[in-house]
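Worksheet: the structure to be examined is printed underneath.
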Amino acid sequence: MAPQAKIGPSILNADLANLAAESQKLLDNGADYLHLDVMDGNFVPNLTFGHPMVKCLRNHIKNAYFETHMMVNSPEQWIEPMADAGVNLYTFHIEPVKDVCNVCRLVQESGMKVGLAIKPATKVSVEELARYMEVADVVLVMTVEPGFGGQSFMADMMPKVEWLRCNYPNIDIEVDGGVGPKTIECCAKSGANMIVSGTAVVGAPDQRQAITQMREVVQRYLK
Ligand SMILES: O=C(CO)[C@H](O)[C@H](O)COP(=O)(O)O
Ligand SMILES: [Fe+2]
């Protein structure tokens, strides 16, 4: 199937004490999925939350599509708990992983889709990433160094997106970090179709307008 434009707000910089309400508001304003940033204080120099919180959120929000962005050193460790918490798409960084195909298999056997992420300073080239394209459902090209929301978008990551889109016209390509109404055109033009946007959407005076505008730009380039 041809890739669809999807906007997935990151709740990283939302009011985490009111996560269910913040998430529901984003969905009511047109979000296609929720992007949940899981950090272990090890792969990245920050800590967020784990599967207990995702499970609580799932109890409040039954139908939304949940992606967990696993910024962790041992993604294999959290597969079962995240599947049990109701996660739909389990996206992990391949940098610390020895056997990427095996982790993909475990994720898919647990009933989740699998996404493969690379950070800007990665040693993994997109050509290397291509080895896993047979098994991956989504590829995430980070456009900031992972760890914190609210950083500036790195336009110099776009050649990776362009290369992937050119070689894999039907794969889901996600971008994450510093993406918002001001940087969406660059992502869309390069071929990204799954757009993570945190600060720019959560803090927008009109969330619906920000989400709709970004989806329209992506749709325009997908045609
Ligand atoms: O993975 C992330 C950080 O590591 C976040 O998803 C990302 O930073 C989204 O937030 P923003 O749009 O504010 O950059
Ligand atoms: Fe993220």
Side-chain angles (χ1 to χ4, degrees), residues 6-16 19 22-23 25-26 29-51 53-54 57 64-73 75 78 82 87-96 112-122 136-158 160-161 172-188 192-205 207 210-211 213-215 217-218:
K6 291 180 195 148
I7 310 298
S10 154
I11 47 77
L12 185 56
N13 279 2
D15 176 4
L16 294 179
L19 187 57
E22 293 264 353
S23 301
K25 185 176 162 201
L26 289 159
N29 281 325
D32 296 294
Y33 65 105
L34 289 180
H35 176 92
L36 306 171
D37 290 299
V38 176
M39 304 186 189
D40 67 353
N42 206 332
F43 178 69
V44 287
N46 199 4
L47 269 179
T48 52
F49 47 80
H51 54 90
M53 212 205 64
V54 177
L57 187 62
Y65 195 89
F66 282 5
E67 173 187 36
T68 46
H69 175 192
M70 304 301 296
M71 288 164 270
V72 301
N73 269 336
W78 311 112
M82 284 300 185
V87 169
N88 304 97
L89 169 61
Y90 189 89
T91 298
F92 66 94
H93 279 264
I94 65 174
E95 288 92 358
M112 298 182 287
K113 300 271 187 207
V114 66
L116 301 180
I118 51 170
K119 58 184 182 177
T122 192
D137 297 297
V138 174
V139 178
L140 165 56
V141 176
M142 287 299 293
T143 45
V144 297
E145 284 303 335
F148 300 91
Q151 301 182 76
S152 297
F153 175 75
M154 297 169 72
D156 54 340
M157 294 301 112
M158 290 305 101
K160 298 184 192 180
V161 176
D172 280 318
I173 304 176
E174 187 176 48
V175 284
D176 178 18
V179 183
K182 291 191 183 123
T183 50
I184 189 66
E185 183 104 19
C186 187
C187 301
N193 67 297
M194 289 178 67
I195 309 298
V196 178
S197 181
T199 317
V201 165
V202 170
Q207 289 186 352
I211 290 170
Q213 189 235 319
M214 286 197 285
R215 194 188 295 106
V217 174
V218 176

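Below, all heavy atoms of this structure are taken into account, side chains as well, without hydrogens, waters or symmetry copies. Counting starts at 1 for both ligands and their atoms, following the listed order.
- For the atom pair CG (L16) and OG (S23), the distance works out to 9.0 Å, reported to the nearest 0.5 Å.
- At a cut-off of 3.5 Å, with distance as the only test, a side-chain donor of S10 or D37 sits close to an acceptor on the other residue.
- Take H93 and apply the ring pair (Phe, Tyr, Trp, His ring centres under 6.0 Å) test, not counting sequence neighbours, and it matches F43, H69.
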Item to complete: Take L19 and I11 through the test side-chain contact (heavy atoms from CB on, under 4.5 Å) and record every step on the way to the result.
Response: CA-CA 8 Å; L19 187 57; I11 47 77; 3.8 Å; yes
Table of N or O contacts for ligand 1, cutoff 3.5 Å:
residue	atom	partner	partner atom	Å
ligand 1	1 (O)	D37	OD1	2.9
ligand 1	1 (O)	H69	ND1	3.1
ligand 1	1 (O)	D176	OD2	3.0
ligand 1	4 (O)	G147	N	2.8
ligand 1	6 (O)	H35	NE2	3.3
ligand 1	6 (O)	D37	OD1	3.0
ligand 1	6 (O)	D37	OD2	2.9
ligand 1	6 (O)	D176	OD1	2.7
ligand 1	6 (O)	D176	OD2	3.0
ligand 1	8 (O)	F148	O	3.4
ligand 1	12 (O)	G198	N	2.8
ligand 1	13 (O)	G150	N	2.8
ligand 1	13 (O)	T199	N	3.0
ligand 1	13 (O)	T199	OG1	2.4
ligand 1	14 (O)	G178	N	2.8

Kindly list each side-chain donor-acceptor pair under 3.5 angstrom involving residues 143-150, sequence neighbours excluded, with atom names and distances?
residue	atom	partner	partner atom	Å
T143	OG1	D176	O	2.9
T143	OG1	G177	N	3.4
T143	OG1	G177	O	2.7
E145	OE2	A121	N	2.7

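- The shortest side-chain heavy-atom distance between P75 and Y90 falls under the 4.5 Å cut-off.
- Going from atom CG of D32 over to atom CD of E67 covers 12.5 Å, rounded to the nearest 0.5 Å.
- Counting only heavy atoms from C-beta outward, the side chains of L36 and T48 never approach each other to under 4.5 Å.
- Excluding waters, the set of protein N, O or S atoms lying under 2.8 Å from the Fe ion (ligand 2) comprises H35 NE2, D37 OD1, H69 ND1, D176 OD2.
- Distance CG/N42 to CE/M71: 13.5 Å, rounded to 0.5 Å.
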